[in-house]
Amino acid sequence: MTISGLKGRSLLSLREVSGDEIHELLSKAADLKERTAQGSNPPVLAGKNIALIFLKPSCRTRVSFIVASTQSGAHAEVFGREDIRFGIKESVRDIARVFGRVFDGVMFRGFEHATIAEFAQYAGVPVWNGLCDSYHPTQILADLLTLRENFGDLDGLPLTYVGDGRNTVAVTLAIAAAKVGLDLRILAPRALQPDAGLIRGLLAERESEQARVRVTDSAEEALSGSAAVYGDVWVSMGEEEQTRERIDLLRDLKVTGDLMTLTGRKDTIYLHCLPAFHLLD
Ligand code: NVA
């Protein structure tokens with residue numbers, strides 16, 4: 001969806017994409033999905049070569065990009081952490097220049113956002129952020145498509161994120177809320193709530209009057225009327241040493257059947273970006 005829909009631009013976060021562009025991408029994705037389901041697989045990327053760089057592990061993003069590339073007529077090549085040893089082999093900008101000459105586009109999953117931004121600056125071809133320590137734009141675009149398929153209009157749609165409110169998915173949902181008008185509630189313990197200044201800044205630039213981002217530790221307040229409940233892993237990639245502390249902070253916010261009933265709706269759906277670790281009984 002992002003590969004063919006951004007007309008040659010990079011996607012480093014949803015911050016640099018407008019609400020209208022998000023709607024355009026979603027419509028294009030829905031159309032491609034429908035045509036693919038009918039077996040027509042439009043070869044919109046015929047002859048293109050796509051690099052997929054994973055400095056962090058990946059399952060869903062990897063298979064999505066590979067299958068989507070193949071279905072669109074492109075070839076995708078995967079590079080792992082051992083293949084791309086920034087600073088040990090070449091610098092970020094040197095590898096970016098080489099990849100930019102060889103490939104037509106690069107999906108990059110890494111750590112610091114600044115590294116992806118530097119890579120994009122020197123690659124000279126579109127670079128799509130497949131998760132960094134700050135943002136997860138491709139995940140949230142896919143989730144918006146799911147929400148649109150289930151509920152139609154996104155403007156004013158109530159959605160509750162439950163968990164670590166400062167992580168990639170929560171922050172990217174907040175950006176999306178400001179762009180397309182979601183009524184986002186972030187249910188998180190105080191120690192894991194997003195930066196209030198960040199949320200204020202996003203809302204100051206909101207593109208829809210309906211856009212709301214409320215941060216609370218009250219399950220009743222967060223869930224009332226919600227069309228979708230969104231869970232995420234309690235310990236994001238790269239934060240594994242905080243596992244014990246996170247379990248202690250989040251164990252009371254397990255998304256159970258009881259929690260789901262707090263929405264007061266029968267049509268509420270549950271989303272999870274995965275991975276999920278089944279560590280607790
Ligand atoms: N919040 C998780 C999402 C992974 C798909 C992480 O950043 O690791």
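Atom set for the values below is all heavy atoms of this structure, side chains included, hydrogens, waters and symmetry mates excluded. Numbering of ligands and ligand atoms starts at 1, following listing order.
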- Task: State, with a plain yes or no, whether a side-chain heavy atom of Leu154 is found less than 4.5 Å away from one of Ile22.
- Result: no
- Heavy-atom check, side chain of Leu55 versus side chain of Phe111, under 4.5 Å: yes
- Message: Taking CZ in Arg62 as the centre, count heavy atoms belonging to other residues, nucleotides or ligands within less than 6.0 Å. Is the count above 12?
- Response: no
Result block: side-chain N/O donor-acceptor pairs under 3.5 angstrom for residues 259-275, not counting sequence neighbours:
from   : atom 1 : to     : atom 2 : distance (Å)
Thr261 : OG1    : Asp258 : O      : 2.6
Thr263 : OG1    : Met260 : O      : 3.1
Thr263 : OG1    : Arg265 : N      : 3.1
Thr263 : OG1    : Thr268 : OG1    : 2.9
Arg265 : NE     : Asp267 : OD1    : 2.8
Arg265 : NH1    : Gly225 : O      : 3.2
Arg265 : NH2    : Asp267 : OD1    : 3.3
Arg265 : NH2    : Asp267 : OD2    : 2.9
Thr268 : OG1    : Ser226 : O      : 2.8
His272 : ND1    : Leu274 : N      : 2.8

Dump all N/O pairs between ligand 1 and the protein below 3.5 Å as a table: atom names plus distance, one pair per row.
from     : atom 1 : to     : atom 2 : distance (Å)
ligand 1 : 1 (N)  : Asn167 : ND2    : 3.3
ligand 1 : 1 (N)  : Thr168 : OG1    : 3.1
ligand 1 : 1 (N)  : Asp232 : OD2    : 2.7
ligand 1 : 1 (N)  : Ser236 : OG     : 3.0
ligand 1 : 7 (O)  : Thr168 : OG1    : 3.0
ligand 1 : 7 (O)  : Ser236 : OG     : 3.4
ligand 1 : 8 (O)  : Met237 : N      : 2.8

- Note on the structure: In short, salt bridge (charged side-chain N to carboxylate O under 4.0 Å, His left out) pairs touching residues 108-123 with sequence neighbours left out are Arg93-Glu118
- Note on the structure: With sequence neighbours left out, the residues meeting salt bridge (Lys or Arg N to Asp or Glu O under 4.0 Å) with Arg15 are none
